[in-house]
Amino acid sequence: MNERITVFDIEVLNQDPTSICAIGIVEIVNQKIHSTYYSLIKPKNLSYDMYRYKVHKIKPQSLIHERCFDEIWQEIQHYFHESIVVAHDIQGDMMYLRETLKSYHITYPTLWMSCTNVLAHLVYPYLKKYNLKELSKMNDFEFKAHHALEDAKATTDVLLKMMIKKDVHTLKELHQLYHLDFGEMKGKYYRNIISPELAPQLLEMTEKEDSILYHQSICFTGKLSMPKELLEEKTKEVSALYSHQVSHQTNYLVIGKNGFYKVRFGNKNKKVKKALQLMKQGQDLRIIHENEYLQLLETKK
């Protein structure tokens with residue numbers, strides 16, 4: 001079966017999410033490295049950030065004569081279109097990529113997303129650390145950390161080693177083994193893969209694929225009519241994932257029935273503010289009443 005995977009890593013120059021200053025790409029076809037790509041990039045915002053510099057050692061002065069992102073995108077867009085895109089922190093890297101695409105008015109490519117950090121939590125459930133350096137050390141793979149192409153190569157090695165360990169021939173098979181949904185991007189639509197922190201819940205739950213809430217990420221806020229622990233247990237029973245914070249992975253923010261309107265339409269609840277911000281950015285997220293959630297718990301696909 002032909003399967004094309006694009007593993008990538010980026011570096012950003014400063015706190016501006018559109019300040020991508022380097023990108024490294026490894027293209028995998030049928031579990032073999034097919035091509036690689038690396039380039040420095042001149043961001044619109046060239047302000048200096050000491051913290052970022054200590055990480056990647058890229059100074060603004062070295063980028064003045066580099067090409068801007070929209071020019072680089074012309075060279076690399078084929079890696080992302082109709083491909084499975086992988087990074088070790090896909091949530092963070094895709095956030096920077098999305099913001100940069102929007103800043104240049106570039107339409108989202110159609111792609112699916114996976115994350116070696118999430119997968120490592122499933123394949124190696126008892127590790128204490130899951131950063132790229134520790135996983136590479138475990139696999140005896142040496143690389144220069146925080147160089148975009150070197151990081152992409154290390155991520156590729158981690159991914160291929162996990163596929164070998166679980167004796168699968170495609171990344172799709174590895175996802176199916178753990179009932180893990182890919183993230184998805186297309187047009188104006190974006191749905192993230194689950195976070196590494198939520199991944200262990202997949203190992204504990206009974207799979208109920210007929211539930212409409214199957215593998216949806218749920219967060220609760222406000223005064224609930226029943227103990228939150230009970231709602232979290234009901235959430236697990238339908239193969240949904242509960243989170244204590246609203247994030248790029250959240251699908252539903254459930255507001256307790258007691259004082260619903262004040263929480264939903266007031267201006268003080270931090271979770272609601274975060275959810276509205278993410279929805280404005282195109283995230284597939286709904287804010288619902290506790291009673292509606294209780295009905296969804298009983299709803300089949």
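Start at 1 with the first residue, then count along the sequence. When reading the values below, keep in mind they use all heavy atoms of this one structure, side chains included, and skip hydrogens, waters and symmetry mates.
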Quiz item: Roughly how far, to the nearest 0.5 Å, is CG of D167 from CG of L174?
Solution: 11.0 Å
Quiz item: Any sub-3.5 Å donor-acceptor pair from K271's side-chain atoms to H244's backbone N or O?
Solution: yes
Quiz item: If you measure from CD1 on I58 to SG on C21, what distance do you get to the nearest 0.5 Å?
Solution: 4.0 Å
Exercise. Give the minimum heavy-atom separation between F8 and I25, together with the two atoms involved.
Key: CB-CG1, 4.1 Å
Practice problem: Check whether any side-chain heavy atom of S114 lies under 4.5 Å from a side-chain heavy atom of L171, and answer yes or no. | Solution: yes
Quiz item: Quick one: which of Q31, E173, M162 gives a side chain to side chain contact (heavy atoms under 4.5 Å, CB included) with V168?
Solution: E173
Quiz item: Would you say H78 has more than 12 foreign heavy atoms packed within less than 6.0 Å of its NE2?
Solution: yes
Self-check item: Heavy-atom side-chain contact between K129 and K137 under 4.5 Å
Solution: no
Quiz item: How are the rings of F182 and H175 set relative to one another: parallel (under 30°), tilted (30 to 60°) or perpendicular (over 60°)?
Solution: parallel
Quiz prompt | Test item: L202 and H215 side chains (from C-beta on) under 4.5 Å apart, heavy atoms | solution = yes
Quiz prompt | Minimum-distance pair of heavy atoms, taken over all atoms of A199 and I194 | solution = CA-CD1, 3.7 Å
Quiz item: Would you find a donor on one side and an acceptor on the other, under 3.5 Å apart, between the side chain of T6 and the backbone of Y79?
Solution: yes
Quiz item: Just by modelled atom types, is the N267 backbone N or O under 3.5 Å from a matching donor or acceptor in the K273 side chain?
Solution: yes
Self-check item: Hphob cluster co-occupancy, L278 + Y96, side-chain heavy atoms under 4.5 angstrom
Solution: no
Quiz item: Between the side chain of D151 and the main-chain N/O of H146, is any donor-acceptor distance below 3.5 Å?
Solution: yes
Quiz prompt | Closest contact, heavy atoms only, Q91 versus N192 | solution = CG-ND2, 3.5 Å
Self-check item: Hydrophobic cluster identity match, I84 and L159, side-chain contacts under 4.5 Å
Solution: yes
Self-check item: Parallel, tilted or perpendicular: rings of Y293 and F220 (30°, 60°)
Solution: perpendicular
Practice problem: Check whether more than 12 heavy atoms from other residues, nucleotides or ligands sit under 6.0 Å from atom NZ of K133, and answer yes or no. | Solution: no
Quiz item: Tell me, do L122 and P125 make a side-chain contact under 4.5 Å, heavy atoms counted?
Solution: no
Self-check item: Donor + acceptor pair across side chains of S19, N14 (<3.5 Å)
Solution: yes
Quiz prompt | Heavy-atom check, side chain of V7 versus side chain of T116, under 4.5 Å | solution = no
Practice problem: Go through the steps for L119 and V86 under the test side chain to side chain contact (heavy atoms under 4.5 Å, CB included), then give the verdict. | Solution: CA-CA 11 Å; L119 288 168; V86 180; over 6 Å; no
Self-check item: CG on L180 to CG on L198, rounded to 0.5 Å
Solution: 11.0 Å
Quiz item: Going by atom types only, do Y104 and T18 share a side-chain donor-acceptor pair under 3.5 Å?
Solution: no
Practice problem: Before accepting this row, confirm whether a basic side-chain N of the pair E237/K234 lies closer than 4.0 Å to the acidic partner's carboxylate O. | Solution: no
Exercise. For the pair S83 (side chain) and F80 (backbone), establish whether a donor and an acceptor sit closer than 3.5 Å, ignoring hydrogens and angles.
Key: no
Exercise. Compare all side-chain heavy atoms of Q216 with those of L296 and state whether any distance is below 4.5 angstrom.
Key: no
Self-check item: Over all atoms of both residues, closest heavy-atom pair of H81 and R4
Solution: O-NH2, 2.7 Å
Exercise. Might you confirm whether atom NZ of K301 has over 12 heavy atoms from other residues, nucleotides or ligands at distances under 6.0 Å?
Key: yes
Quiz prompt | M226 side chain near L231 side chain, heavy-atom distance below 4.5 Å | solution = yes
Quiz prompt | Non-neighbouring partners of R264 that pass side chain to side chain donor-acceptor pair (under 3.5 Å), sequence neighbours left out | solution = none
Quiz item: Within the distance-only criterion (no hydrogens, no angle test), does the side chain of H56 pair as donor or acceptor with the backbone N or O of I10 below 3.5 angstrom?
Solution: no
Practice problem: Spell out, as yes or no, whether a donor-acceptor pair under 3.5 Å connects the side chain of Q77 to the backbone of P109. | Solution: no
Quiz item: Hey, mind stepping through H179 and Y214 against ring-ring contact (aromatic ring centres under 6.0 Å, His included) and telling me if it holds?
Solution: CA-CA 10 Å; H179 304 280; Y214 176 74; 7.1 Å; no
Practice problem: Could you pull out the closest heavy-atom pair between A152 and D9, with the gap in Å? | Solution: N-CB, 4.0 Å
Self-check item: Spacing of E134 atom CD and L127 atom CG [to the nearest 0.5 Å]
Solution: 9.0 Å
Practice problem: Please examine the side chains of S211 and S239, heavy atoms only from C-beta on, and report whether any two atoms are closer than 4.5 Å. | Solution: no
Exercise. Classify the angle between the aromatic ring planes of F69 and W73 as parallel (below 30°), tilted (30 to 60°) or perpendicular (above 60°).
Key: parallel
Quiz item: Cluster question for you: counting only ILVMFWY and a side-chain heavy-atom cut-off of under 4.5 Å, with indirect links fine, are I20 and I72 together?
Solution: yes
Self-check item: With sequence neighbours excluded, residues passing ring-ring contact (aromatic ring centres under 6.0 Å, His included) with Y124
Solution: none
Practice problem: Determine, stepwise, if the pair Y37 / S39 fulfils side chain to side chain contact (heavy atoms under 4.5 Å, CB included). | Solution: CA-CA 7 Å; Y37 178 93; S39 181; 3.6 Å; yes
Quiz item: Is F265 atom CZ crowded by more than 12 heavy atoms from other residues, nucleotides or ligands, each under 6.0 Å away?
Solution: yes
Quiz prompt | Smallest separation among heavy atoms of E290 and G256, with atom names | solution = OE1-CA, 3.5 Å
Practice problem: Answer with yes or no whether the side chains of N269 and T221 bring together a donor and an acceptor at under 3.5 Å. | Solution: yes
Practice problem: Go through the steps for Y178 and H121 under the test side chain to side chain contact (heavy atoms under 4.5 Å, CB included), then give the verdict. | Solution: CA-CA 11 Å; Y178 293 103; H121 276 75; over 6 Å; no
Quiz item: In Å and rounded to the nearest 0.5 Å, what is the CZ to CG distance from R67 to L40?
Solution: 10.0 Å
Quiz item: Does E3 offer a backbone N or O that forms a donor-acceptor pair with the side chain of N30 under 3.5 Å?
Solution: yes
Practice problem: Under the side chain to side chain contact (heavy atoms under 4.5 Å, CB included) rule, what do D181 and W112 come out as? Steps first, then yes or no, please. | Solution: CA-CA 10 Å; D181 288 339; W112 299 268; over 6 Å; no
Exercise. Check the hydrophobic clustering (I, L, V, M, F, W, Y; side-chain heavy atoms under 4.5 Å; chains of links allowed) and say if Y261 and V272 are grouped together.
Key: yes
Quiz item: So if you build clusters from Ile, Leu, Val, Met, Phe, Trp, Tyr with side-chain heavy-atom gaps below 4.5 Å, do Y189 and L97 land together?
Solution: no
Quiz item: Can you tell me how far CD of E197 sits from CG of L241, rounded to the nearest 0.5 angstrom?
Solution: 12.0 Å
Quiz prompt | side-chain hydrogen bond (donor to acceptor under 3.5 Å, both in side chains): pairs with one or both residues in residues 245-257, sequence neighbours excluded | solution = S247-Q249
